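All of these numbers come straight from a predicted model, not from anything done at the bench. We name chains A, B, ... by the order of the sequence lines, and we start the count at 1 in each one.
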Amino acid sequence: MKETHAIRRRKAGQFMDSFRKNRMGMTGAIMLCFFLIMAVAGPLLLPYNAMDFGVADDVFAPPSREHILGQDDMGRDVLRALISGARISLSVGILSTLISMVAGTFLGIVAGYSGGKIDVLMMRFTDVFLVLPWLPLMLILAAVLGSSIWNIILVIGLTSWAGTARVVRAQTLTVKERQFIERARAIGAGNGYIMTRHILPNVFPLVFANTILVSAVAIISETTLSFLGMGDTLHPSWGMMLHYAFESGAASIGAYWFLLPPGLCVVGVVLSFTFLGYAFDEILNPKLKKR
Amino acid sequence: MKSVMEASALHVHFKARGSFIQEIFSNHQKKVKAVDGVNIQIGEGEIFSLVGESGSGKTTVGKALLALEHKTSGSILFNGEEIPSGTGKSSRRFRQKAQMIFQDPYQSLNPRDIVLDIVGEPLVVNNLIKTSAEKRERVIEALGWAGLRPQEEYLYRLPHELSGGQRQRVAIAAALILNPQFIVADEPVSMLDVSIRADILRLMVEMRDRLGISYLFITHDLSLAWLISDRIAIMYLGKIMEIGSSELIVGSSLHPYTQALISVMPLPRVTKNKKRLILKGETPDPIDLPVGCRFNPRCPVVQDICRRQEPELAEVTPGHQVACHFPKKLLVGAP
Amino acid sequence: MEMLSVRNLVTQFSIKAGQVKAVDGISFTLNEGETLGLVGESGCGKTTTALSIAGLLPSEGRVVSGEILLSGIDLLTLSQEELRKRRWKDISVIFQGAMNALNPVMKVGDQITEVIMLHDNKNYQEARKQVRELFSLVEIDPDRIDGYPHEFSGGMKQRVMIAMALACRPKIVIGDEPTTALDVMVQAQILNLLERLCRDIKMGLLLITHDLSVLGEIADKVAVMYAGKIVEMGSTEDILTQYRHPYTEKLVHSFPDIYGKREMVSSIPGDPPNLIDPPSGCRFHPRCSLATIRCRTEEPGYIDLGGGHITACHEIRGYEK
Amino acid sequence: MNRNYLLKKIFQSLITIFLVLIINYILFRVMPGDPLQMLMRNPKASGEAVARTKALFGLDRPWYAQFFLYLRQLLHGDLGLSFLHKKPVLEVIASRILPTLLLAGCAEVIAILVGTVIGIVSAWKRGKKIDVISLSFALVTYSMPTFWLGIVFVAFFSVFLRIFPTTGMVTPGATFISEFAHMVDIGRHLVLPTLTLSLVMIGEYALIMRNSLIDILTEDFITTARAKGFTEQYVLRRHAVPNALLPMVTIVAINLGLVIGGTIQVETIFSWPGLGRLMYEALMNRDYPLLQGIFLLVSISVIGANFLADILYSYLDPRVKG
């Protein structure tokens, strides 16, 4: 309906107003846009073939006019590799975050809303995932499943939902105590209806902010896994580039052009997600508003 | 008078959060007897008030009557039939006939929904409408009953764009839209500014007069109960201490607790030198109820028997029941 | 003896939408051992008045003009440091909702001893001894001095707050809705205690409340605030029974009187005004049933009705009893 | 703190440990390359040999019996034999614990202290220049992959500036004239790994502390403390910070799991002879018994640390009940 759309627009407008004034959020958004464009449009302009090895002279060749970011240990163009890696790093980060968000939100809402024994059981289970050392678990899982890009997405998703579940559960508990939940029960609404129609929309802003922060962690995770040799060799991400850089001793040769760009890109993407998540948290979390 | 809602020997007990060892190893769990044997009948078109301090169990009674809280024992009859629990078809039908108005209009409306959706929600949840035009029409009608005119101006507003009084009217409209027979109003004005309390109370009375709705009015404020209700019950620690018409309760109460409550009630008068019956201490924890009369540790006229035997609610004059071994007037005269 | 005198106090808040004139030129005095009730609906500026006097305005708010004289010294001319040293020693505050006003991880006794040690230069043992005395004064078992706030009930916490407020024997205590969240019986206990303390230790009490009926039990004088201004002030008797301002009348009649006739209480149509852009003339005129053209254009001055009873209304003749 | 709370937390920790054991058991059962699978792949293995191996590893028994066998072995400290080192897993692990404790301990202490201070300053001067600087610093370090920071440090400090040694814990082949000189050498090797590991944690701690303190500073009891005439510094030190530290306790404990991840990276980069590198080696060489042993040990340490944090929390916050 027309009016409902107007309301949505008004709500979105209020949010955008505060967002635009948030310098950190805007910086994050601009940075993220840059990387997204790089991931989407970049490979079209500068296609990359991981098998396109150079001749002996090209190995660790420093930046030149032809190869703006120099060449790597196999003589491949670093800039092209970097652009191709953006697509992989970002997809892994975002897809694994989706898994984590869906699982965490579902478990958090169900546990928080149901309460009682279900809650205790689910939270004990969550706690296990929360205390299990995260990187070793991922490494072992990756070793069990084998290192394909889809397995990496799955592994990161499966190991990162616990924090989201905790946050969502805590928020669900406070929303559950609000009287409109009781009112919904009084008019005859069922549990499923209440969870989807009343709890979820009120938990969502926090889920959203949290999800963005989880994306940051997911991208770091992917990079680290790949760096430690669990990456998918067919889909070289930034982490894989760093893996090759380290293995080939780029640091001791001083091949900074091979070492710095992928790392800076990771920092840039992660930072943009962190900025965004932090800004959303500040806008959406009433307790953090300026006193 | 035909009774619409009738509860007898109603008990609602909660599990007390005992210590960890007890919870695991002991099968004897402590209980909070929030409602501990309450009998009330609410007649057609009657406004019945349940007055008590926090922890008296008055809200729990209200929720139990609407099956929003599981009763431990006792019976609750609505139009002569035991109220359904669960979410079956009969439960749906009951929900449509018995509604609730909540205390805090800032908390009882979903902040992300517009008025149209809030007020129309009971219709949607119970599959009572087919088209959104029908919903809009019914919502406009209900907003009119609740005195929100012109209705179109409110339809697309969010709760935070309304004043406290308007929000409470929206909540009332949402309760009225199903044409209920019985409404539990839980402290409906305690969060509102004094200057708009009267509007909400007047609206409740008006709906009773026009539509014959019966109310259970839950309040801590005896003077408001006196103002609008036909009968008043005074609750203390899960039990009714005294019950009678509002004039009787306020004018010639016989239970020491009621009299103490009345004596400390703030009035729009100069009462600096008024004689007051200020009870010592605070309402004790309902986990460990005192033996005998549950009011005895704070009673100004306690006797030996009060510490041994619990007095039952007994009729002193027709329509006036008191649960006290020594019902009598303690203070004489208005300020 | 005159202890606190507020003259033409104007306090404003700067928010995005503009300047909120939360308090707009109010004046009153408070004498030794006297209780003045400041009453009004939410958003009328009563709490802002209290915060201005106590020097606790949040960063968006500031006192624009006026004087706050405490025993003849204008607090607004003092430096931050001088003001800090006088806080709690001269003026202390009993906050609304003691549950949040006490530090949850600190023993209640220590929260009082620290302030005695700061202002009265006492050592810990002396201060503790004094706290035990204060506890007896407010009728708490002195052995609970080492308890934590969560171990106290609502009423008991409010007593702790009162003990804390009295710790340095201040000249003025500001009670900001001290009984609002409490049950009637506990409210009666606290009011009784406050009344006794005012009498016994001669402290001036500025009691801020939205509940006019509470003032009937404790206040000597009442000031009725509406939209940042005092519209009527006088003895409690004057305000509750001889009111001349239509707002006061409506306010008094919104409380049921169980010793009077059982008739529906009155309500005030409309909403309180927006204080960024308050109505012209008399600020109450949009909600007033007696409003005339004059009320819309000309702001009423105070009319002295004798005996300290003043009111700001053009139409009081219509109110002759 | 009461006995009840203690018992409850012990009970909860035991349940968590039990769940971890189950996960651990399942995880390593499905690992490619368990002894039986290896055997099965051998075409020459006779049915009898398979049965014998099955019996040897208890694989012919029902799953619950196998699980109990596994538990019993664990209780006896029998974590199996490392393929790679040809020694009992426990022995291999024991020889590598100290270096990791040294590294992780130093880094954690530095990160907590520095992170807390930055968080406090940042919250207190909210919106001022120093807040913007601290916040940016915290967010940037928080966003860095640990290993990359390590590599950059090696490249800069060791290769370019040559002020710190590249790898290892002691200078290879060096002889020390005194125990003190030995310590100094270890210290020099410790600087870069510690700096790397602590930097990535400082950011997180600073952010948590900042948020927590900002939250607390809006509470009513802070207004009370100000009204009492205390200086702002006193209000901060005595009232705000003790309350704001509470969430830190929980986060630091949960973070221990992350520190383990950090040590894997840092020890790999710096060839630090600790558990992290041991784990990396085990992973690279598919030494499953060793991997399982390390994983179990670190999981249980993290659960233990969380238990200690709960105890500390209940000591700091009197509101916690059993």
Side-chain angles (χ1 to χ4, degrees), chain A residues 1-15 17-18 109 113-117 119-121 124 171-208 283-286 289, chain B residues 15 59 62-63 66-69 86-87 91-128 132-133 135-136 152 155-161 171 174-175 177-178 180 183-184 186 191:
Chain A
M1 218 183 286
K2 205 172 66 204
E3 289 92 339
T4 327
H5 283 302
I7 298 284
R8 294 238 170 80
R9 255 208 307 279
R10 203 162 75 229
K11 275 201 269 189
Q14 282 165 0
F15 175 80
D17 275 353
S18 354
I109 289 185
Y113 182 75
S114 311
K117 291 208 173 68
D119 183 27
V120 171
L121 272 173
R124 250 340 58 215
Q171 185 68 9
T172 303
L173 286 181
T174 61
V175 174
K176 189 178 130 189
E177 292 307 311
R178 312 255 306 258
Q179 274 180 358
F180 62 82
I181 300 300
E182 184 118 48
R183 200 182 74 81
R185 289 209 290 140
I187 60 170
N191 290 338
Y193 178 89
I194 292 176
M195 279 192 264
T196 51
R197 189 67 190 69
H198 288 293
I199 306 250
L200 186 62
N202 281 287
V203 176
F204 192 73
L206 238 90
V207 171
F208 188 59
I283 296 168
L284 300 168
N285 187 352
K289 284 215 176 111
Chain B
K15 267 186 221 159
T59 298
K63 288 184 181 166
L66 295 183
L68 290 172
E69 202 78 76
T87 49
S91 169
R92 281 262 174 91
R93 226 175 305 123
F94 168 66
R95 290 251 175 274
Q96 292 166 31
K97 290 278 145 215
Q99 283 295 310
M100 183 150 182
I101 301 170
F102 292 89
Q103 172 179 13
D104 188 347
Y106 295 87
Q107 291 276 315
S108 66
L109 308 181
N110 187 340
R112 316 187 75 81
D113 281 349
I114 53 171
V115 169
L116 174 68
D117 290 336
I118 293 170
V119 177
E121 192 175 27
L123 301 173
V124 176
V125 165
N126 294 297
N127 297 320
L128 294 173
S132 58
K135 170 172 155 187
R136 193 186 150 98
E152 282 77 6
L155 281 180
Y156 298 101
R157 292 223 217 151
L158 290 163
H160 72 88
E161 296 165 329
I177 202 164
L178 294 172
I183 290 180
V184 172
D186 185 7
M191 302 296 285

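- Partners of B:Glu121 under the side chain to side chain donor-acceptor pair (under 3.5 Å) rule, at least two apart in sequence or in another chain, are A:Arg183, A:Tyr193, A:His198.
- Proximity of B:Leu109 to A:Phe180: side-chain heavy atoms (C-beta onward) are nowhere separated by under 4.5 Å.
- If you measure heavy-atom distances from B:Ile101 to chain A, you find no contacts under 4.5 Å at all.
- Contact detail for B:Arg112 and A:Pro205: the closest heavy-atom pair is NH1-CG, 3.8 Å.
- From A:Arg178, atom CZ reaches atom CG of B:Asp104 across 9.5 Å, with rounding to the nearest 0.5 Å.
- Taken from CD in A:Gln179 to CG in B:Asp186, the straight-line distance is 7.0 Å, to the nearest 0.5 Å.
- Heavy-atom distances place both the backbone and the side chain of B:Gln103 under 4.5 Å from chain A.
- Looking only at side-chain heavy atoms (C-beta outward), A:Glu182 and B:Lys63 come within less than 4.5 Å of each other.
- Using a 4.5 Å cut-off on side-chain heavy atoms (C-beta onward), B:Leu66 and A:Arg185 make no contact.
- Heavy-atom pairs under 4.5 Å with chain A were tallied for B:Leu68, B:Val124, B:Ile118, B:Asn110; the largest tally goes to B:Asn110.
- Side-chain contact between A:Ile187 and B:Met100: absent, with no pair of heavy atoms (C-beta onward) separated by less than 4.5 Å.
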